[in-house]
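Quick note: residue numbers are just sequence positions, from 1. The figures here come from the full heavy-atom set of this structure, side chains too, leaving out hydrogens, waters and symmetry mates.
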Amino acid sequence: MPKGQPSVVPDDGLTTRQRRNRPLLAVHTGIGKGKSTAAFGLALRAWNQGWPIGVFQFVKSAKWRVGEERALRVLGASGEGGTVAWHKMGEGWSWIQRDARDALSSEEAAREGWEQVKRDLAAETYRLYVLDEFAYPMHWGWVDTDEVVEVLRTRPGVQHVVITGRNAPRALVDAADLVTEMTKVKHPMDAGQKGQRGIEW
């Protein structure tokens, strides 16, 4: 198996093993396709390692069936690898018991989702958190970016977090260990083609 060699070894007092196993904050941003797909690829690797995974889908409608959701739910229930908990903002979040007439606004729901993420981080519920499209609530000012950065900076244990979405705030990008910006070179939509089954969902 190929092993990457770092170009620099910091003088941080950590052993190679300690440095290798420290928790990472990853950000997938940019206007190109594949931000969430790459995050769910990480979730597949985490599942294979037996890690518990928490997916929090911000912004996307509950009616939109994401292909990775079904696959990861089936894998999580298989007993073969890690467990998978999947939460969707569009469904009002699974932990909130509210009358259907008392629906949350999108902004309130985003804040509720972040509050649950904070509770789970404090309890070390998952080993990998996929905060899908979470860059948007920060960009829109629904969730305070400085608070997010501080909570993630001080999270206990070994909990990896990946955040996806366009327009990731500069403070988040600066705090992250791994940042990938997806750039669009070409897309079928440029030629008038709509999204298709098996490719977009």
Side-chain angles (χ1 to χ4, degrees), residues 1-2 4 24-49 51 53-78 81-82 84-94 103-107 109-110 113-114 117 126 128-143 145 148 160-201:
M1 180 156 201
L24 298 178
L25 169 58
V27 174
H28 299 172
T29 192
I31 64 167
K33 176 176 164 48
K35 296 177 286 295
S36 297
T37 303
F40 295 136
L42 285 178
L44 286 174
R45 290 178 177 169
W47 172 83
N48 186 58
Q49 294 298 322
W51 296 358
I53 301 158
V55 177
F56 295 81
Q57 261 193 310
F58 291 81
V59 179
K60 287 176 180 166
S61 167
K63 294 178 183 175
W64 191 33
R65 293 295 158 209
V66 177
E68 294 94 343
E69 177 184 356
R70 180 167 181 267
L72 282 166
R73 282 187 189 271
V74 168
L75 289 172
S78 72
V84 179
W86 198 291
H87 308 286
K88 287 183 179 181
M89 189 175 92
E91 291 175 344
W93 301 118
S94 56
L104 294 174
S105 72
S106 294
E107 184 172 349
W114 169 237
V117 170
Y126 307 111
L128 175 69
Y129 295 73
V130 178
L131 308 187
D132 189 36
E133 309 288 11
F134 188 50
Y136 290 104
M138 284 183 276
H139 176 69
W140 294 330
W142 294 357
V143 175
T145 301
V148 171
H160 302 282
V161 178
V162 56
I163 295 173
T164 73
R166 295 183 181 199
N167 302 310
R170 172 50 48 191
L172 179 69
V173 169
D174 290 345
D177 303 290
L178 172 64
V179 179
T180 300
E181 184 171 1
M182 307 291 190
T183 58
K184 185 187 81 163
V185 176
K186 241 183 185 182
H187 194 289
M189 289 182 80
D190 298 336
Q193 181 175 330
K194 289 189 173 181
Q196 61 178 294
R197 194 181 298 269
I199 302 297
E200 269 75 29
W201 71 91

Hey, could you give me the CD1/OG1 distance between I31 and T183, rounded to the nearest 0.5 Å? 7.5 Å
Could you measure the distance from the OG atom of S106 to the OH atom of Y136? Nearest 0.5 Å is fine. 14.0 Å
Shortest non-hydrogen pair, D132 vs Q57, comes out as OD2-NE2, 3.3 Å
Chi angles and distances behind the side chain to side chain contact (heavy atoms under 4.5 Å, CB included) call for L44, L72: CA-CA 7 Å; L44 286 174; L72 282 166; 3.8 Å; yes
Would you name the heavy atoms of V179 and V173 that are closest together and state the gap between them? CG2-O, 3.7 Å
How are the rings of Y126 and Y129 set to each other: parallel, tilted or perpendicular (split at 30° and 60°)? perpendicular
Shortest non-hydrogen contact from M89 to A109? CG-CB, 3.5 Å
Going from CZ on R166 to NZ on K35, what distance comes out if it is rounded to the nearest 0.5 angstrom? 5.5 Å
Using modelled atom types only, decide if a donor and an acceptor are shared between the side chain of H28 and the backbone of T180 within a distance under 3.5 Å. no
Could you state the interatomic distance from CG (N48) to CG (L75), rounded to the nearest 0.5 Å? 9.5 Å
I'd like to know if the side chain of T29 reaches the main chain of A168, judged simply by a donor and an acceptor atom lying under 3.5 Å from each other, with no hydrogens or angles considered. yes
Minimal non-hydrogen separation, M138 against P169, with atom names: CB-CG, 3.7 Å
Closest heavy-atom pair, I53 versus W47, reported as atoms and distance to 0.1 Å, is CD1-N, 3.5 Å
Please determine whether ring pair (Phe, Tyr, Trp, His ring centres under 6.0 Å) holds for the pair W114 and F58, giving the CA-CA distance in whole Å, both sets of side-chain angles, and the decisive distance to 0.1 Å. CA-CA 9 Å; W114 169 237; F58 291 81; 8.2 Å; no
Is any side-chain heavy atom of V161 less than 4.5 Å from a side-chain heavy atom of F134? no
Are the side chains of H160 and L42 in contact, using a 4.5 Å heavy-atom criterion? no
With side chain to side chain contact (heavy atoms under 4.5 Å, CB included) as the test, would you mind laying out the steps for V148 and V117 before giving the verdict? CA-CA 10 Å; V148 171; V117 170; over 6 Å; no
Would you name the heavy atoms of L128 and A43 that are closest together and state the gap between them? CD2-CA, 3.5 Å
So how far is it from T145 OG1 to L172 CG, rounded to the nearest 0.5 Å? 7.0 Å
Does the pair D174/R170 count as a salt bridge with the N-to-O cut at 4.0 Å? yes
Taking C-beta and beyond as the side chain, do E69 and K88 meet within less than 4.5 Å on heavy atoms? yes
Check against side chain to side chain contact (heavy atoms under 4.5 Å, CB included), V74 and V84: CA-CA 9 Å; V74 168; V84 179; over 6 Å; no
